[in-house]
Engineer: 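First the structure, then my questions, so here it is.
Small disclaimer: the values here were computed from a predicted structure and weren't measured.
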Amino acid sequence: MHAWAASFPETSRHPPNALGGKSNRGPLGMIATPMRFTRNSEIYGEDESAEYLYQVVSGAVRTYKILEDGRRQIGAFYLPGDIFGFEAEESHISSAEAICETHLLMVKRTAVIFRASHQRELARQLWDAMALELRRFQAHSMLLISSAEERVIAFLLDISRRTTENAAIDLPMSRQDVADYLGLTIETVSRTFTQLEQNGAIALPTTRRVELRKDTLSNRFAQNFG
């Protein structure tokens with residue numbers, strides 16, 4: 001496995017009140033609006049005005065584009081604590097959907113910019129979030145030129161770092177979501193999961209629960225992924 005795969009950008013999970021939080025005690029306080037989205041419901045669409053920033057409180061979000069040939073390319077997954085909705089222009093370059101029942105905090109970009117101009121800590125948090133977004137984009141671009149097995153392993157390690165302190169992870173996304181994120185077919189993803197299980201690198205108690213055997217992964221690919 002390429003060395004960069006082991007250094008897939010690690011998310012230091014944002015504190016629950018990074019954008020105001022459920023308690024509204026964070027730096028954005030009362031300007032954060034809680035929103036609930038049901039499974040597969042749209043949060044915003046491609047080319048829509050990028051008026052808001054969002055933070056995941058619970059659940060999970062995917063951003064995606066529909067390619068000219070009709071295929072879906074998922075650009076990112078956002079998990080509890082993650083901030084998304086950053087755009088360089090005034091409109092969204094992709095669509096965003098709730099993967100499952102999802103609760104978000106929604107904040108107007110103009111309000112965030114105004115508040116950040118007066119609050120150094122908020123400005124730092126937003127800068128960190130934007131830098132993390134860029135690192136994830138760069139890592140994802142690199143991931144798409146590696147082998148199927150490397151893509152799946154790097155994806156699992158990234159989700160593990162972002163969601164849990166132990167080796168077992170519960171994937172909120174489907175195998176089709178994983179395939180569309182990694183640029184693979186669902187058959188290839190399922191086959192790779194099976195091969196990794198047969199090789200003792202992971203265990204699959206259910207289709208969504210994955211137990212990582214990091215020592216085995218390290219030995220198999222001569223790389224310490226810890």
Side-chain angles (χ1 to χ4, degrees), residues 1-12 40 42-47 50 56 60-79 82-89 91-99 129-163 169-197 199 201-202 204 207-208 210 212 214 217-218 220-226:
M1 191 173 196
H2 301 304
W4 56 263
S7 58
F8 201 90
E10 184 168 348
T11 305
S12 56
N40 292 331
E42 184 176 274
I43 299 166
Y44 56 76
E46 184 177 351
D47 294 327
V56 183
V61 172
R62 60 182 167 242
T63 55
Y64 69 93
K65 292 177 69 72
I66 301 299
L67 306 180
E68 290 185 1
D69 60 5
R71 290 181 297 121
R72 181 184 66 164
Q73 176 63 61
I74 291 179
F77 293 117
Y78 297 97
L79 305 173
D82 288 341
I83 301 169
F84 67 100
F86 296 107
E87 301 288 358
E89 304 296 336
S91 59
H92 290 293
I93 62 171
S94 60
S95 300
E97 287 180 343
I99 296 175
M130 288 187 289
L132 176 61
E133 185 86 338
L134 178 59
R135 291 198 303 271
R136 284 187 184 158
F137 173 79
Q138 292 169 334
H140 187 221
S141 298
M142 292 291 292
L143 196 62
L144 296 179
I145 63 173
S146 60
S147 71
E149 195 169 71
E150 288 173 336
R151 297 185 208 190
V152 170
I153 291 174
F155 164 76
L156 290 174
L157 290 171
D158 179 50
I159 297 296
S160 175
R161 283 191 292 262
R162 294 167 63 184
T163 60
I169 55 177
D170 292 295
L171 297 176
M173 62 287 294
S174 67
R175 294 282 177 88
Q176 186 63 64
D177 284 337
V178 176
D180 290 349
Y181 176 69
L182 297 178
L184 302 169
T185 65
I186 189 172
E187 293 81 9
T188 299
V189 169
S190 295
R191 183 169 60 251
T192 303
F193 269 78
T194 299
Q195 290 171 345
L196 291 172
E197 184 180 34
N199 292 328
I202 63 173
L204 296 171
T207 57
R208 294 291 183 94
V210 184
L212 304 185
K214 291 187 179 180
L217 286 174
S218 178
R220 179 172 172 78
F221 296 100
Q223 180 71 50
N224 182 2
F225 297 128

Engineer: I'd like to know whether Ile159 forms a side-chain contact (heavy atoms from CB on, under 4.5 Å) with Leu79, so could you lay out the CA-CA distance, the side-chain angles of the two residues, the decisive distance to 0.1 Å, and finally the verdict.
Structural biologist: CA-CA 9 Å; Ile159 297 296; Leu79 305 173; 4.1 Å; yes
Engineer: Between Arg162 and Phe77, what is the shortest heavy-atom contact and its length?
Structural biologist: NH2-O, 2.7 Å
Engineer: Could I get the full list of side-chain contact (heavy atoms from CB on, under 4.5 Å) partners for Ser91, not counting sequence neighbours?
Structural biologist: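 side-chain contact (heavy atoms from CB on, under 4.5 Å) check on Ser91 returns nothing, list empty.
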Engineer: Looking at residues at least two apart in the chain, or sitting in another chain, which of them share a side-chain contact (heavy atoms from CB on, under 4.5 Å) with Asp180?
Structural biologist: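 Partners of Asp180 by the side-chain contact (heavy atoms from CB on, under 4.5 Å) criterion, ordered by chain and then number, come out as Arg72, Ile74, Gln176.
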Engineer: Calculate, to the nearest 0.5 Å, the distance between atoms NE2 and CD belonging to His92 and Glu89 respectively.
Structural biologist: 12.5 Å
Engineer: Would a 4.5 Å heavy-atom cut-off, applied to side chains only, mark Phe155 and Leu171 as touching?
Structural biologist: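 When only atoms from C-beta onward are counted, Leu171 and Phe155 do touch, with a gap below 4.5 Å.
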Engineer: What is the minimum heavy-atom distance between Glu42 and Glu97, and which atoms define it?
Structural biologist: CA-CG, 4.2 Å
Engineer: Contact between Leu143 and Leu182 at the side-chain level, heavy atoms closer than 4.5 Å - yes or no?
Structural biologist: yes
Engineer: Please report the shortest heavy-atom distance between Ser160 and Ile169, naming the atom on each side.
Structural biologist: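 Heavy atoms only, the tightest pair is CA-CG2, 3.5 Å.
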Engineer: Test of understanding: with salt bridge (Lys or Arg N to Asp or Glu O under 4.0 Å), list the residues that count as partners of Asp47, not counting sequence neighbours.
Structural biologist: none
Engineer: Nearest 0.5 angstrom please: Ile153 CD1 to Leu196 CG, how far?
Structural biologist: 5.0 Å
Engineer: Could you report the tightest heavy-atom contact between Ile93 and Glu87, atom names first, then the distance?
Structural biologist: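 Nearest pair, atom of Ile93 first, then Glu87: N-OE2, 3.5 Å.
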Engineer: Can you tell me how far apart CZ (Arg175) and CZ (Arg208) are? Round to the nearest 0.5 Å.
Structural biologist: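 Result: 9.0 Å between the selected atoms.
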Engineer: Could you walk me through whether Phe193 and Leu156 pass side-chain contact (heavy atoms from CB on, under 4.5 Å), step by step?
Structural biologist: CA-CA 10 Å; Phe193 269 78; Leu156 290 174; 4.0 Å; yes
Engineer: Considering residues at least two apart in sequence or located in another chain, which fulfil the salt bridge (Lys or Arg N to Asp or Glu O under 4.0 Å) criterion with Glu133?
Structural biologist: none
Engineer: Could you walk me through whether Ile202 and Glu197 pass side-chain contact (heavy atoms from CB on, under 4.5 Å), step by step?
Structural biologist: CA-CA 5 Å; Ile202 63 173; Glu197 184 180 34; 4.2 Å; yes
Engineer: Step by step, work out the side-chain contact (heavy atoms from CB on, under 4.5 Å) result for Asp82 and Arg136.
Structural biologist: CA-CA 12 Å; Asp82 288 341; Arg136 284 187 184 158; 3.3 Å; yes
Engineer: Given Tyr181, which partner from the list Met173, His140, Arg62 fulfils the side-chain contact (heavy atoms from CB on, under 4.5 Å) test?
Structural biologist: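 Exactly one candidate clears the test, His140.
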Engineer: Do Val61 and Ile99 come within less than 4.5 Å of each other through their side chains, counting heavy atoms only?
Structural biologist: no
Engineer: Can you list the residues that meet the side-chain contact (heavy atoms from CB on, under 4.5 Å) rule with Ser94, with sequence neighbours excluded?
Structural biologist: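 Scan of Ser94 (side-chain contact (heavy atoms from CB on, under 4.5 Å), adjacent residues dropped) gives Thr63, Lys65.
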Engineer: Over all heavy atoms of both residues, which pair between Arg151 and Leu144 is shortest? Give the atoms and the distance, please.
Structural biologist: NH2-O, 3.1 Å
Engineer: Without swapping roles, check the side chain of Asp69 against the backbone of Arg71 for a donor-acceptor pair under 3.5 Å.
Structural biologist: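 Yes; at least one donor-acceptor contact below 3.5 Å.
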Engineer: Got a sec, which residues hit side-chain contact (heavy atoms from CB on, under 4.5 Å) with Thr185, two or more places apart in sequence or on another chain?
Structural biologist: Glu187, Thr188
